[in-house]
Every structure is written in structure tokens, then in C-alpha cells.
Amino acid sequence: MIGLFGNLVDAFLRWMDEDDYDNDGNYIPEAELPIYEEPRQAERNRMKCVHKYYLTKDKKHDVEFVFMHMGLSGWRAYIMTDIDYKKRADHFSEQHRLVDYDEKHARQCARIADHYDGEGELDYICWTENVYSLDKMMAIAAAWCEITFYYIRYGGEFPEIQKKLAERGII
């Protein structure tokens, strides 16, 4: 999965909404958010969250995310938008998504997300290694969005789609 998206830090990003909150719903100024933390220095007891929307490059799809700092595991990108995969496979492995069943995470996302009430599945982007940079996780989420909406419209496999979109300069 790591090679799937290549160097995503330089990927196209268009993010809206600058709401950043801790696990108590308190606003965190951007200067206090962990941009990069060594795994051993990461906070264990307080989750930091960043609420953002990604607008695809074709400006057809907004996807709501809550980026949650998971302490020693780095950042995780929760997908708050209910995406209609239409006739495409609904297997999470093909969508590169996983489900989090942790009620604490669901409550935290529900506090700051516009389109999630804490009920139902809490999906997040599948990634094979820990990501300790918020910017890198946002780049991964941006590429995931572009690839996902191409997949819905045209089909294909994520690695092939990634290559096509990278050649076209979309990601």
C-alpha cells in the first residue's frame, strides 16, 4: 500500500475548514498541533483531532474527514462522508477502508464532524504503516479521494488508477 500512492506529501491538496479540536472538544490553535512527533514522544492520553473537507480536483465531490492523532500509532484519517459506490464492489479491501469499532473514537468524531452522529460504522483510510505527520496523512487522504471517485466512475484497481492519475498530474 505504501508504494501505491508514491510520494504523497507533494500531492495536490485542497482543504477547506480549519477546525482543530482535542478530545474534549476544545479548539487547538494550529501552532499547537503535532506536525511530527517521534513515536516515543507522542502523547498517550489526549487525542488531537483536525476536522477538514477535501474538494476533489474536478470540484465535483467534497469529502469530510476527521484526522485523529492516535498517540504512538500516529495519525488516522476517518471518512465522515457517506460515499455511494454505486455498482462498484462494496468490499472494504477494494475501497482501501477499515472500520473502527472504538466507541471513544466515534464519540470524538461525532463532536466535531458535521455529518456523523456517533452511530453506525466509523470508517478510516487503510494504510500499512504509521503516519506521524498530519500533512502526510492529509496528502494520503487527498490521493485516496481522487482515486476513489475515479474508481466509482470508471472502475479499475487502485494501483492502476493511482498511476493514471499521477501521470495526468491529478495526484
Side-chain angles (χ1 to χ4, degrees), residues 1-57 62-81 83 92-114 116 118 121-148 158-159 161-163 165-166 170-171:
M1 183 61 104
I2 296 168
L4 176 64
F5 296 117
N7 183 4
L8 296 174
V9 175
D10 297 325
F12 172 79
L13 291 175
R14 179 177 162 82
W15 293 97
M16 304 177 317
D17 198 1
E18 299 297 327
D19 297 336
D20 305 331
Y21 299 90
D22 66 14
N23 64 328
D24 296 322
N26 300 314
Y27 177 76
I28 304 172
E30 190 168 333
E32 295 178 20
L33 286 171
I35 300 293
Y36 177 81
E37 293 185 10
E38 292 292 332
R40 290 192 171 93
Q41 296 174 347
E43 269 186 55
R44 295 180 187 198
N45 297 325
R46 298 203 36 100
M47 290 182 285
K48 292 183 175 78
C49 294
V50 178
H51 176 237
K52 297 199 180 277
Y53 282 85
Y54 177 76
L55 177 64
T56 55
K57 205 164 186 182
D62 277 335
V63 180
E64 181 182 17
F65 286 96
V66 171
F67 296 92
M68 188 178 297
H69 191 262
M70 309 299 287
L72 298 176
S73 299
W75 288 93
R76 183 178 286 176
Y78 288 100
I79 308 157
M80 301 288 98
T81 301
I83 298 172
F92 272 33
S93 62
E94 293 182 32
Q95 298 170 1
H96 294 273
R97 296 159 60 135
L98 296 171
V99 178
D100 185 341
Y101 297 100
D102 188 310
E103 290 179 13
K104 181 179 177 186
H105 297 162
R107 283 191 306 272
Q108 178 61 21
C109 287
R111 279 189 199 124
I112 65 173
D114 295 329
Y116 180 70
E121 291 181 346
L122 183 59
D123 303 337
Y124 63 98
I125 294 174
C126 175
W127 197 250
T128 58
E129 67 178 25
N130 295 339
V131 178
Y132 297 104
S133 163
L134 175 58
D135 289 339
K136 183 174 180 181
M137 183 52 75
M138 289 172 58
I140 290 166
W144 180 88
C145 287
E146 300 292 346
I147 293 168
T148 294
F158 266 54
I161 297 168
Q162 182 272 332
K163 184 177 179 183
L165 296 182
I170 294 172
I171 58 173

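Please read these numbers as outputs of a predicted model, since none were measured by experiment.
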Exercise. Checking side chain to side chain contact (heavy atoms under 4.5 Å, CB included) for the pair Leu134/Lys52: CA distance, chi angles, key distance, verdict?
Worked result: CA-CA 12 Å; Leu134 175 58; Lys52 297 199 180 277; 5.6 Å; no
For this session: Hey, could you give me the OG/CD distance between Ser73 and Glu129, rounded to the nearest 0.5 Å?
Result: 12.5 Å
Exercise. Aromatic ring centroids of His51 and Tyr53 under 6.0 Å?
Worked result: yes
Exercise. For the residue pair Glu146 and Lys57, what are the closest heavy atoms and their distance?
Worked result: OE2-N, 2.7 Å
Exercise. Counting N and O atoms only, with roles assigned by atom type, does the side chain of Glu121 sit under 3.5 Å from a partner on the main chain of Val99, one being a donor and the other an acceptor?
Worked result: no
Exercise. In Å, rounded to the nearest 0.5 Å, how long is the span from CD1 of Ile147 to OG1 of Thr56?
Worked result: 13.0 Å
For this session: Identify the two heavy atoms, one from Lys48 and one from Trp75, that lie closest to each other, and give their separation to 0.1 Å.
Result: O-CZ3, 3.7 Å
Problem set entry | Atom pair SG (Cys109) and CG (Asp102), whose distance is rounded to the nearest 0.5 Å | 10.0 Å
Seminar exercise, completed: Nearest heavy-atom contact between Ala143 and Ile171 is CA-CG2, 3.9 Å
Exercise. So, does Tyr132 use its side chain to make a donor-acceptor pair with the main chain of Leu72 at under 3.5 Å?
Worked result: yes
Exercise. Looking only at heavy atoms, what is the nearest atom pair of Ile79 and Val63, with distance?
Worked result: CG2-CG1, 4.2 Å
For this session: Please report the shortest heavy-atom distance between Ala141 and Ala77, naming the atom on each side.
Result: CB-CB, 4.4 Å
For this session: Calculate, to the nearest 0.5 Å, the distance between atoms CD1 and OH belonging to Ile112 and Tyr78 respectively.
Result: 11.0 Å
Exercise. With sequence neighbours excluded, what pairs up with Ala113 under the side-chain contact (heavy atoms from CB on, under 4.5 Å) test?
Worked result: Glu64, Val66, Met80, Tyr116
Exercise. Any idea how Trp144 and Phe65 line up, ring-wise: parallel (<30°), tilted (30 to 60°), or perpendicular (>60°)?
Worked result: perpendicular
Problem set entry | Distance, nearest 0.5 Å, that separates OG of Ser133 from CD1 of Ile140 | 8.5 Å
Problem set entry | Tyr124 side chain to His105 side chain, donor-acceptor N/O pair below 3.5 angstrom | no
Problem set entry | Arg97 side chain near Ile83 side chain, heavy-atom distance below 4.5 Å | yes
